Amino acid sequence: MNVKEKLQNVFRDVFDDESIVISEGMTAADIEDWDSLMHMNLILNIEQEFGIEFTTNEIMKANNVGEFIEMIEGKIA
Amino acid sequence: MKNNNSLLLLNEARKYAKQLKNVTTTSETKIAVLGTASIQHFVMVLRYLLHVEGIDADIYEGEYDGIAMEVLNSDSALYQFKPEYVIILPHYLEIRDFPQLMDSKEQIEEKKYNTVKFYEMVWSKLANANRSQIIQANIVIPPEHILGNLEGQYSFSKTQFLRKINETLVEKSPENVSIVDLDLISNYIGKYQWFDYSGYFLHKTGFNMTCIDAVVKPFVQQILAFKGKTRKCLVLDLDNTLWGGVVGDDGVEGIQLDPNNAIGEAYRYFQKYLLELKKRGVILAVCSKNDETTAKEPFEKNSNMILSFDDISCFIANWDDKATNLKRIAEQLNIGIDSLVFFDDNPAERDIIEKYLPEVFVINVPQDPALYVQQLDKESPFEWLQLTKEDTLRSVSYVQNRKRDELSKNFVDYDEYLKALQMKGNITLLTANKAERFTQLLNKSNQFNLRTQRYTIAEINNKMSDGNFRCLCIDLSDKYSSYGLISSVILEKKNKDCFIESWVMSCRVLKRNVEYLMFMKIIETAKEMGCTTVRGEYIPTKKNSMVSSLFESLGFAFVKEKDECKEYSFDVETNVEYSTFIEIEKGE
């Protein structure tokens, strides 16, 4: 399973919605439940799933799903 | 995120919250949560954990940094919500005025009182508006020591200042405020783990999400305790739990308790901890798969044992399954199965109890006995609201019960047995010095409890000073021991009716005729209040069926049944005389 697929599973689990399909340009505006509380939950689950840690700067800078994928790939490389 | 437990908890809590969106429920428990830092996750997890405990609470989530705003504004939605409980979560960053270097003692005191006075005002405003019980965390001290090693030596340091504030919060907290010692818990977990600076700067969370289970749990326990759901008894296995090895195989001298051996020391350390638990009122029981004689031998013959046979209130050793035995223990001690905590080194035994008796709290016993104390302490299942003298005497009285049982075997006639006990009773109106125990009894009693109403100390204090109420209490003692306050009654005058608002009795004094004594006092008090009729109500619960026909047996007339609750009345002019074999010391 590649990073994008794994990440998609995390999204589906966190938002409790098996129909979610993520894309590089996707942002918080695209999912109704994606507020700041959910954002924190998402980050925690991503860190757990991939065994990584984001810095404050990284969390602030990631503007869309594509940037998340890039960061994750960089960390697990 | 390293701590899996907390992440799982957050995920479950989130799923539960989503589920709730589509359901409207009315719940009887209303809780407001106010905090300085972000409280959203706290509220989400609190709601979920309470639900797991069978409490569906309606939770009011205060504004960010909203303690002052919510409380000081009398129009705030907080007051309209009328919460039963108010949880307050302060944060060290809310304090603007820390002492300066070289501040004098007086300047430091003044700054300390500014913070404490703010909370005293918050408590008093909340007490005046509603009769809420306040549950407030103390301030978690951050891991910053700008003075280095000198941080602990000067009272103007941030750390020393915050320590003093926490001390003073406890000192100044009135009856309706409970302080949750989050700072202590943060020490155990580790300050570096507890604080998440990135999380604070990004999301304003007050603590690391990996600690959310440790943060919310004590609040859940406090609320359970206020609702009378506390754990009272620790049931222990014997082999490889109290000592190393198996007494049936290794013999009484072969079990491992040698203080010169690391394993023996570990088990002795555990026994010492258990003894301390017993001293604070936790009932110790034994449930072992062994022949009874073999199981008792180490207590009688092994000089390295710390616990003695008299420390154990209920000792069961046989070959029956442990689920059946735990039920026997609960029955013998007259407590609910949900009061039990189970400590057994054998994971198979633990699984069986988890499966067949889910109300029992099963400790996740580690493999290494050196870690027994730490694990039991960490899980901290015995969270009570206060310690009273009755608590410290509890175990002694259970042992004395055993002696009384032996005495009763000598009497064929039960009345003769009661006479031989030489019981003395003292019925009085409630006074301030007994209010804590009076309230504790109302909140803990489940079996001899006619209406299962729960009260805060503030409410009881109000009734004590209200001329329309009478709060009666009975103290009992017998030849073997003094029980202290064992029955609480609240009467309300409604014109010519005297309504029994609450009537509870401790299970330790059942079948002693105490209820007859109390009944005669109720009639006397009703007459004194100018009432002609005493009215009683029985509200059935899962636990109080023993009093379902109490009123009938006392000669009350059945009035009506409404929603399964039964109402009764009794004419005070009816002649009432019972011989109770209880000598009245002084009535009032």
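Below, read A as the first sequence line, B as the second, and so on, with proteins coming before strands; counting in each chain starts at 1. Predicted model, so just to flag it, every value in this text is computed and none were measured.
Residues A/Asn41 and B/Met209 have side chains not in contact (no heavy-atom distance under 4.5 Å, counting atoms from C-beta outward). When side chains are defined from C-beta on, B/Arg14 does not count as touching A/Leu37, because their heavy atoms never get closer than 4.5 Å.
B/Gln374 CD: 12 or fewer foreign heavy atoms inside a 6.0 Å radius. By the neighbour-count criterion of 12 heavy atoms within 6.0 Å, atom NZ of A/Lys75 is densely surrounded, having more than that number from other residues, nucleotides or ligands. Counting heavy atoms of neighbouring residues, nucleotides and ligands inside a 6.0 Å radius, atom CD of B/Gln367 does not exceed 12 of them. By the 6.0 Å contact criterion, OH on B/Tyr197 is enclosed, its count of non-hydrogen atoms from other residues, nucleotides or ligands being greater than 12. Remark: A/Met60 CE is loosely packed, at most 12 non-hydrogen atoms of other residues, nucleotides or ligands lying under 6.0 Å away. At most 12 non-hydrogen atoms from other residues, nucleotides or ligands lie less than 6.0 angstrom from NZ of B/Lys82.
Between B/Lys18 and A/Asp16, the closest heavy-atom pair is NZ-O, 3.6 Å.
Heavy-atom distances place both the backbone and the side chain of B/His41 under 4.5 Å from chain A. Only the backbone of A/Phe15 comes within contact range of chain B, judged by heavy atoms closer than 4.5 Å. Using a 4.5 Å cut-off between heavy atoms, B/Thr205 touches chain A through its side chain atoms alone. With a threshold of 4.5 angstrom between heavy atoms, A/Asp13 approaches chain B through its backbone and through its side chain.
Here A/Glu49 contributes atom CD and B/Leu7 contributes atom CG; the two are 10.0 Å apart, rounded to the nearest 0.5 Å. Note: B/Asn11 CG to A/Gln48 CD = 9.0 Å, rounded to the nearest 0.5 Å. Atom OG of B/Ser6 is separated from atom CG of A/Leu44 by 9.5 Å, given to the nearest 0.5 angstrom. The OG atom of B/Ser38 lies 7.5 Å from the CE atom of A/Met40; values are rounded to the nearest 0.5 Å.
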